[in-house]
Student: 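The structure follows.
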Amino acid sequence: MRTHYCGTIRTEQIGETVTLCGWIDRRRDLGGVIFLHLRDRSGSVQFVSDPVRTPDSYHLAETLRSEYVVKITGKVYRRPEESLNARIPTGEIEIYAEQIEVLNRVQKQLPFQVSASEDETSVREDLRLKYRYLDLRRERMSANLHLRHQVIKTIRRFLEDKFNFIEIETPILTRSTPEGARDFILPSRVNLGEWFALPQSPQLFKQLLMVSGFDRYYQIARCFRDEDLRADRQPEFTQLDMEMSFMDQEEIMDLNEELICQIFKEIKHVEIPRPFPRLAYAEAMDNYGCDKPDTRFDLKLVNVSDLFKDSQFKVFSGAIASGGIVKILPISGGNQTISNVRIKPGGNLFKEATEAGAKGLAYIRVLENNEIDTIGAIKDSLTPESKQQLLTLTGAKPGDLLLFGAGDAAMVNKTLDRLRLVIGRELGLINDEQVNLLWVTDFPMFEWNADEKRLEAIHHPFTAPHPDDLSDLTTARAQAYDIVYNGTEVGGGSVRIHQREIQEQVFTAIGLSSEEAHDKFGFLLEAFDYGTPPHGGIAYGIDRLVMLLAGEESIRDVIAFPKTQQARCPLTNAPASVDAKQLKDLEVVSTYKPKAE
RNA sequence: GGGACUGUAGCUCAGUUGGUUAGAGCGCGCGCCUGUCACGCGCGAGGUCGCGGGUUCGAGUCCCGUCAGUCCCGCCA
């Protein structure tokens, strides 16, 4: 039907007669000459029609409108010198529209303009999602989906051709597991009263594939979690899931660095230096207050607990006495860039701090001659020696601002992490062009869940403890690693447990009874008895990775048909009710009562 | 489950202290225009101000409720 894609025509095709199909992007009717831009997924190209050069098509060209689907045949010409358009790849040529065939018309006014325009106005997202098929015709969305495809293609080529990985599909209908997010569940008709769950990840199946000897497995896997949505969270999302046998943590990380470098080389055309920097979890928490620090800018936290443990200032000494810490976020030149209004109640930094759980936001301003400006209670509590120590520890110089966090460690870290990011962004310390990749390693195995009064796996309960820490699992480090890209966790993995006794110990540590462990994971424990190789793996959030590569702020913009924040699809109106018969076949009754009508 | 913001023409938005006939740009329709590229110029159509209720002589504007969307907290191993 056609000979080329619209966006591919270049000066090499001058003199050729081509046939193109696509959508009318724009029509400019100058009275005696009509310019048409025809668009397909490759881009657009200009056609010309006038009564002299293209007498057969001119009257039809007058009737064309935006988004009509047409097939046009004509000869490619070099544009007149004064009409060259350097802003589009096809701007050196144009095609005389000798024959036009209308393949389909637009019958209604379009809900929004498809053709890219230079103004920055953006269409409401609910409308874009309702007419997603039109939205995806637009340049930005089309580019995002093409980019996503390129990323996945690069991954497949790299893993398959260079490292002998094979892709294996794992079940979508599986069983519900404890731990982790809420499962989506489906009633089984054949086995009434029993339920399938959609997988949160292919974790157990990929480990079993290692038992089977597949050695190097990957999958572009759809995963499901029935939790509330965010800009970077959808109920169904796509993971690059990998698992490898006979490789230790270093080897796995090494292979993955090469993969990441390949992606950045293909997509961004940049070479990322290797090895990637590594930060132990404890170090990340000390210096940045979080386990996925944005290390594109420096601002590091300083622990000053020792300095204040005997302080007269009870807010600080009291926090330490009850097991907490006091930390400082020093901001170089902060006296000038951050006003007191912002730090005091009502200010945006105060608000950030209290949202993170802080009761207030204490500060010190370092003045000329290293005098300090702060509230009296803090000033009075500092001896000249402790003041000097404070300045030395934080490296503070005249003009610097010190922001305090005091209380339990988790809250202090959360508070100062948030402040660090807000201030880093505001002060322009982040270079958007910079690509910063970082491994965070040596996570603890467990963390205390105060609500459920039990230990919880930080990664997941199949993660292997560090071999040096086997004597006490509750405080052991895990052989787990996260990959952080400019402050966002894009992937995480671990070496897995491959010995039954250790797996049972971990289940015990997280409070899973022996019966429960055997009911839910008996098949895994049994598999360990039949020759399980040492193995490990990693999973990447493809949506998140592509979002960052595309420079988008929402993963919805790199997913063809995403859900809204209320987990609905405005295009299909899913979810929806089902026939009474369907429910009856499943022996399912809804107890839901709609709110009073 | 909680907090914040948004909803006015097909789209993006403005709309003063509550006051006459609710505006603009783009899009759409018609006309003019032979080198445009966000073409230009002219004319025109197009509105249940998300929905329901209330206050008021009078509501796009104030109040209550509700629906939808976005962001965040909780939640997300």
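Residue numbers start from 1 in every chain, and the chains themselves are labelled A, B, ... in the order their sequence lines are given, proteins ahead of strands. Just so you know, these numbers come straight off a predicted model, no measurement behind them.
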Student: In whole Å, what separates the C1' atom of B:rA22 from that of B:rG58?
Tutor: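 Comparing C1' positions in B:rA22 and B:rG58 gives a spacing of 16 Å.
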
Student: Closest to the A:Lys414 side chain: B:rC11, B:rA77, B:rG74?
Tutor: B:rG74

Student: Expressed as a whole number of Å, how far does the P atom of B:rA9 sit from that of B:rG60?
Tutor: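 Result for the P pair: 14 Å, nearest Å.
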
Student: Applying ring-ring contact (aromatic ring centres under 6.0 Å, His included), name anything that partners A:Tyr58, two or more places apart in sequence or on another chain.
Tutor: none

Student: Which residues pass the ring-ring contact (aromatic ring centres under 6.0 Å, His included) test with A:Phe507, sequence neighbours left out?
Tutor: A:Phe521

Student: Taking a pair as Watson-Crick or G-U wobble with both distances under 3.5 Å, which nucleotide is matched to B:rG31?
Tutor: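 Paired with B:rG31, as far as the under-3.5 Å criterion goes, is B:rC41.
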
Student: B:rG29 C1' sits how many Å from A:Arg65 CZ, rounded?
Tutor: 9 Å

Student: When the C1' atoms of B:rG3 and B:rG74 are considered, how many whole Å apart are they?
Tutor: 11 Å

Student: Over all strands shown, is A:Thr564 touching base, sugar-phosphate only, or nothing at heavy-atom distances under 4.0 angstrom?
Tutor: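 Contact class for A:Thr564: sugar-phosphate only.
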
Student: So for atom CD, which belongs to A:Glu62, do other residues, nucleotides or ligands contribute more than 12 heavy atoms lying within a distance under 6.0 Å?
Tutor: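 For A:Glu62, atom CD is crowded (more than 12 foreign heavy atoms under 6.0 Å).
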
Student: Under the criterion salt bridge (charged side-chain N to carboxylate O under 4.0 Å, His left out), I'd like the reasoning laid out for A:Arg39 against A:Asp25: C-alpha separation, chi angles, the key distance, then a yes or no.
Tutor: CA-CA 6 Å; A:Arg39 181 191 70 242; A:Asp25 192 61; 2.5 Å; yes

Student: In this structure, which one of A:Arg138, A:Lys108, A:Arg137 forms a salt bridge (charged side-chain N to carboxylate O under 4.0 Å, His left out) with A:Glu67?
Tutor: A:Arg137

Student: Hey, does A:Ser115 reach any base, or is it just sugar-phosphate, or nothing, if we go heavy atoms under 4.0 Å?
Tutor: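 If one applies the 4.0 Å heavy-atom cut-off, A:Ser115 turns out to touch nothing in the nucleic acid.
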
Student: Just wondering, do A:Phe35 and B:rU36 stack (centres under 5.5 Å, planes under 30°)?
Tutor: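 A:Phe35 vs B:rU36: stacking yes.
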
Student: I would like to know whether A:Gln234 and A:Arg556 meet side-chain contact (heavy atoms from CB on, under 4.5 Å); could you show each step before the answer?
Tutor: CA-CA 8 Å; A:Gln234 283 273 304; A:Arg556 295 186 298 275; 3.5 Å; yes

Student: Could you tell me the separation between the CG atom of A:Leu421 and the C1' atom of B:rC72, rounded to a whole number of Å?
Tutor: 15 Å

Student: Starting from P on B:rC76, measure out to NE2 on A:His459 and report it in whole angstrom.
Tutor: 16 Å

Student: Across the strands shown, which category fits A:Leu84 at heavy-atom distances under 4.0 angstrom: base, sugar-phosphate, nothing?
Tutor: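 Base contact - A:Leu84 has a heavy atom under 4.0 Å of at least one base atom.
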
Student: Hey, is the side chain of A:Arg225 pairing donor to acceptor with the base of B:rC75 inside 3.5 Å?
Tutor: no

Student: Classify the nucleic acid contact of A:Leu127 as base, sugar-phosphate or nothing, counting any heavy atom under 4.0 Å across all strands shown.
Tutor: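 Counting heavy atoms under 4.0 Å across all strands, the contact made by A:Leu127 is with sugar-phosphate only.
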
Student: If you measure from the C1' atom in B:rU34 to the same atom in B:rC39, how many Å do you get, rounded?
Tutor: 12 Å

Student: So A:Glu94, base contact, sugar-phosphate only, or nothing? Heavy-atom distance under 4.0 Å.
Tutor: base

Student: Kindly check if the number of other-residue, nucleotide or ligand heavy atoms within 6.0 Å of NZ (A:Lys75) is above 12?
Tutor: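 No, the 6.0 Å shell around NZ holds no more than 12 heavy atoms from other groups.
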
Student: A:Lys108 NZ to B:rA9 C1': how many Å, rounded?
Tutor: 17 Å

Student: Would you classify A:Leu110 as touching base, sugar-phosphate or nothing, given that sugar-phosphate means primed atoms plus P, OP1 and OP2, and contacts are heavy atoms under 4.0 Å?
Tutor: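 The residue A:Leu110 makes sugar-phosphate contact but no base contact.
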
Student: Can you tell me how far P in B:rC76 sits from the matching atom in B:rG18, rounded to whole Å?
Tutor: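 The same atom, P, in both gives a distance of 46 Å.
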
Student: Looking at A:Lys130, I'd like to know whether one of its side-chain N or O atoms comes within less than 4.0 Å of OP1 or OP2 on B:rC11.
Tutor: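 Result: no.
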
Student: What nucleotide, of B:rU34, B:rG29, B:rA77, holds the atom closest to the side chain of A:Asp50?
Tutor: B:rU34

Student: Counting heavy atoms from C-beta on, name the nucleotide in B:rG27, B:rC71, B:rU36 closest to the side chain of A:Gln109.
Tutor: B:rG27

Student: When you look at CD of A:Glu553, are more than 12 heavy atoms from neighbouring residues, nucleotides or ligands closer to it than 6.0 Å?
Tutor: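 Open: at most 12 neighbouring heavy atoms sit under 6.0 Å from CD of A:Glu553.
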
Student: Does the side chain of A:Asp482 reach to within under 4.5 Å of the side chain of A:Trp439, using non-hydrogen atoms?
Tutor: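 When only atoms from C-beta onward are counted, A:Trp439 and A:Asp482 do not touch, as no gap falls below 4.5 Å.
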
Student: Determine the Euclidean distance between corresponding C1' atoms of B:rG23 and B:rG15; express it in Å to zero decimal places.
Tutor: 7 Å

Student: Summarise how protein sits on nucleotides 39-47 of chain B as a single string, 5' to 3': B when a protein heavy atom is under 4.0 Å from the base, S for sugar-phosphate-only contact, - for no contact.
Tutor: B--------

Student: Quote, to the nearest angstrom, the P distance that separates B:rG2 from B:rU55.
Tutor: 28 Å

Student: Nearest-Å distance, CZ (A:Phe237) to P (B:rC76)?
Tutor: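 In whole Å, B:rC76 P and A:Phe237 CZ are 13 Å from each other.
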
Student: Nearest-Å distance, CD (A:Glu552) to C1' (B:rU70)?
Tutor: 15 Å

Student: Could you work out, with side-chain hydrogen bond (donor to acceptor under 3.5 Å, both in side chains) as the rule, every residue matching A:Asp417, not counting sequence neighbours?
Tutor: none

Student: Regarding A:Gln566, tell me which of base, sugar-phosphate or nothing describes its non-hydrogen contacts under 4.0 Å with the strands shown.
Tutor: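 Sugar-phosphate, no base atom in range.
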
Student: State whether A:Arg233 places a side-chain N or O below 4.0 Å from either non-bridging phosphate oxygen (OP1 or OP2) of B:rG74.
Tutor: no

Student: By the 4.0 Å heavy-atom rule, please label A:Pro111 as base, sugar-phosphate, or nothing.
Tutor: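 Result for A:Pro111 = sugar-phosphate.
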
Student: Report yes if the side chains of A:Glu236 and A:Phe184 come closer than 4.5 Å at any heavy-atom pair, otherwise no.
Tutor: no

Student: Hunt down the Watson-Crick or G-U wobble partner of B:rU12, both distances under 3.5 Å, from any strand shown, or write none.
Tutor: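 Its partner is B:rA24 (Watson-Crick or G-U wobble, both distances under 3.5 Å).
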
Student: For B:rA4, give its Watson-Crick or G-U wobble partner with both distances under 3.5 Å, or none.
Tutor: B:rU70

Student: Does A:Glu227 or A:Arg79 map to a spot on RNA chain B nearer the 5' end, using the closest nucleotide for each?
Tutor: A:Arg79

Student: What is the separation between atom CD1 on A:Ile24 and atom P on B:rC28, rounded to the nearest whole Å?
Tutor: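 For the pair A:Ile24 CD1 and B:rC28 P, the rounded distance is 13 Å.
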
Student: Check the distance between B:rU70's P and A:Arg556's CZ and give it to me in whole angstrom.
Tutor: 5 Å

Student: Just wondering, do A:Pro465 and A:Leu470 contact through their side chains at under 4.5 Å, heavy atoms?
Tutor: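 A side-chain contact under 4.5 Å exists here.
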
Student: Identify the pairs formed between an N or O of the protein and an N or O of nucleotides 1-6 of chain B at a distance under 3.5 Å, and give each distance.
Tutor:
from, atom 1, to, atom 2, distance (Å)
B:rG1, O6, A:Asp228, OD2, 3.4

Student: Indicate, with a heavy-atom threshold strictly under 4.0 Å, whether A:Gln46 touches base, sugar-phosphate, or nothing.
Tutor: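 The residue A:Gln46 makes base contact.
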
Student: Taking ring-ring contact (aromatic ring centres under 6.0 Å, His included) as the test, write out the residues that go with A:Tyr77, two or more places apart.
Tutor: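 For A:Tyr77 the ring-ring contact (aromatic ring centres under 6.0 Å, His included) partners, ignoring immediate neighbours, are A:Tyr96.
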
Student: Which value, in whole Å, describes the distance between the P atoms of nucleotides B:rC64 and B:rG27?
Tutor: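 About 41 Å, rounded to a whole number of Å.
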
